[in-house]
Amino acid sequence: MKSGKPERHPTADLDETAHQRVRLGILGILSEADRATFSYLREALQVTDGNLSAHMSVLSNAGLIAVDKGYVENRPRTWVRATAKGRATFRAEMDALRRLIARHDS
Amino acid sequence: MNSPQDANLLREVEGTVEEARRRARLLISDYWLPNVFFGATALVAAALLEKGLVLAMVVLWTVAGPIGMLLTGLYYVRKERAIGVARTPWPYALTGIGIFVGCMATGFLGRGQLLSYVGPLVVIGLGYLVFAWLERKLGIAVVGALTALLGVSLLLVSRGHAYSLVLAFFGAAALVVGVWNGFQIRRVARP
């Protein structure tokens with residue numbers, strides 16, 4: 001006998017901010033590495049400077065990543081790292097994604 | 001999100017993200033230099049010990065330890081700048097310093113007694129277990145566990161050639177781990 005409470009659909013667990021291919025990619029890389037440069041993320045995710053900047057702003061405003069600007073051998077370098085909230089959001093997002101795929105496959 | 005196209009899109013997103021993670025993980029799982037350096041040093045140390053040159057072995061470790069750590073630190077700083085992705089170095093640096101200090105302390109405090117033989121091997125073994133945990137690598141854990149266990153068991157049975165044998169085992173195993181990792185790094189770094 002089924003309970004009266006309807007089963008929660010996995011899409012309800014998707015995070016509006018993180019559920020976007022590039023943003024999820026940024027959080028994915030930063031969940032493996034403690035930090036990555038803007039250039040590394042741009043090349044790894046194959047996006048333009050403007051596109052990456054826009055997505056980073058969204059993640060930064062949501063408190064999911066932190067951006068540190070500095071210089072290496074007199075050249076500007078931007079380091080990006082995931083916050084604790086960002087790592088937790090990434091894990092939850094990937095879990096929701098896998099549940100959705102499993103639901104389709106079953 | 002119910003059509004087969006939606007499912008394919010989800011799989012594609014998951015695949016893209018996992019590939020980006022996998023590549024970042026492979027790029028930063030770079031530990032060939034310290035393994036090759038300290039593996040080779042351990043083999044030379046074992047050979048010196050077999051010839052009865054105990055003082056030469058102590059001098060070798062005293063000189064090679066700081067040089068190896070300095071080289072490793074410089075290598076990681078250069079690599080981080082070159083590839084633009086990195087892990088926090090402090091847990092690795094502290095473990096390396098802990099191994100060096102632990103080996104020197106037990107060797108010195110033991111003064112030729114059992115502790116000066118068992119101590120460094122156990123310290124190296126435990127240090128490698130910490131590295132294995134940091135890297136999530138079973139191979140490194142096996143080298144660490146075997147070095148510590150063989151060190152304790154062989155030395156308790158017979159002190160004769162046991163120390164140099166276990167040291168040679170550690171050196172050879174660390175060399176294999178380092179060379180294998182070097183090949184993996186070259187493969188993933190290739191565009």
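Here is the naming used below: chain letters follow the sequence lines, and residue numbers restart at 1 for every chain. Everything numeric here is computed off the predicted structure, so don't read it as measured data.
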Item to check | Enclosure of B:E19 CD (heavy-atom neighbours >12, cutoff 6.0 Å) | outcome: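 Counting neighbours around CD of B:E19, more than 12 heavy atoms of other residues, nucleotides or ligands fall under 6.0 Å, so yes.
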
Checklist entry - How about A:R75: does its CZ atom have over 12 heavy atoms from other parts shown lying under 6.0 Å from it? => result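 No, CZ of A:R75 has 12 or fewer neighbouring heavy atoms, counting only those of other groups under 6.0 Å.
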
Can you measure from [atom1] ([X]) to [atom2] ([Y]) and round to the nearest 0.5 angstrom?
X      : Y     : atom1 : atom2 : value
B:E12  : A:R21 : CD    : CZ    : 4.5 Å
A:D34  : B:T88 : CG    : OG1   : 3.5 Å
A:I29  : B:R25 : CD1   : CZ    : 12.0 Å
A:I101 : B:L9  : CD1   : CG    : 9.5 Å
B:R21  : A:L27 : CZ    : CG    : 10.5 Å

Say whether [X] and [Y] are linked into one hydrophobic cluster, either directly or through other cluster members, by side-chain heavy-atom distances under 4.5 angstrom.
X     : Y      : result
A:V47 : A:L41  : yes
B:V36 : B:L33  : yes
B:I97 : B:W90  : no
B:Y31 : B:L70  : no
B:L49 : B:F169 : yes

Write down the atom of [X], the atom of [Y], and the distance for their closest heavy-atom approach.
X     : Y     : value
B:A20 : A:L45 : CB-CD2, 4.5 Å
B:I83 : A:Y40 : O-CD1, 3.3 Å
A:A33 : B:V85 : CB-CG2, 3.3 Å

Checklist entry - By a 4.5 Å heavy-atom criterion (distance strictly below it), what part of B:T16 contacts chain A: side chain, backbone, both, or neither? => result side chain

Checklist entry - Non-hydrogen atoms of chain A under 4.5 Å away: do they reach the side chain of B:E80, the backbone, both or neither? => result both

Next on the checklist: Counting only non-hydrogen atoms closer than 4.5 Å, does A:R81 touch chain B with its backbone (N, CA, C, O), its side chain (CB onward), both, or neither?
Outcome noted: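 Answer is neither: A:R81 stays 4.5 Å or more from chain B.
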
Next on the checklist: Checking A:L24 against B:V13 for the side chain to side chain contact (heavy atoms under 4.5 Å, CB included) test, could you report, in this order, the C-alpha distance in whole Å, the side-chain angles of both residues, the deciding distance, and whether it holds?
Outcome noted: CA-CA 9 Å; A:L24 206 53; B:V13 170; 3.9 Å; yes

Next on the checklist: Whether B:E18 and A:R98 form a salt bridge (side-chain N of Lys/Arg under 4.0 Å from carboxylate O of Asp/Glu) is what I want to check.
Outcome noted: yes

Next on the checklist: Between A:E32 and B:R23, does the side chain to side chain contact (heavy atoms under 4.5 Å, CB included) criterion hold? Intermediate values first, please.
Outcome noted: CA-CA 10 Å; A:E32 283 298 331; B:R23 189 171 161 75; over 6 Å; no

Item to check | B:R87 side chain to A:R35 backbone, donor-acceptor under 3.5 Å | outcome: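 Flag not set: sc B:R87 to bb A:R35 has no pair under 3.5 Å.
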
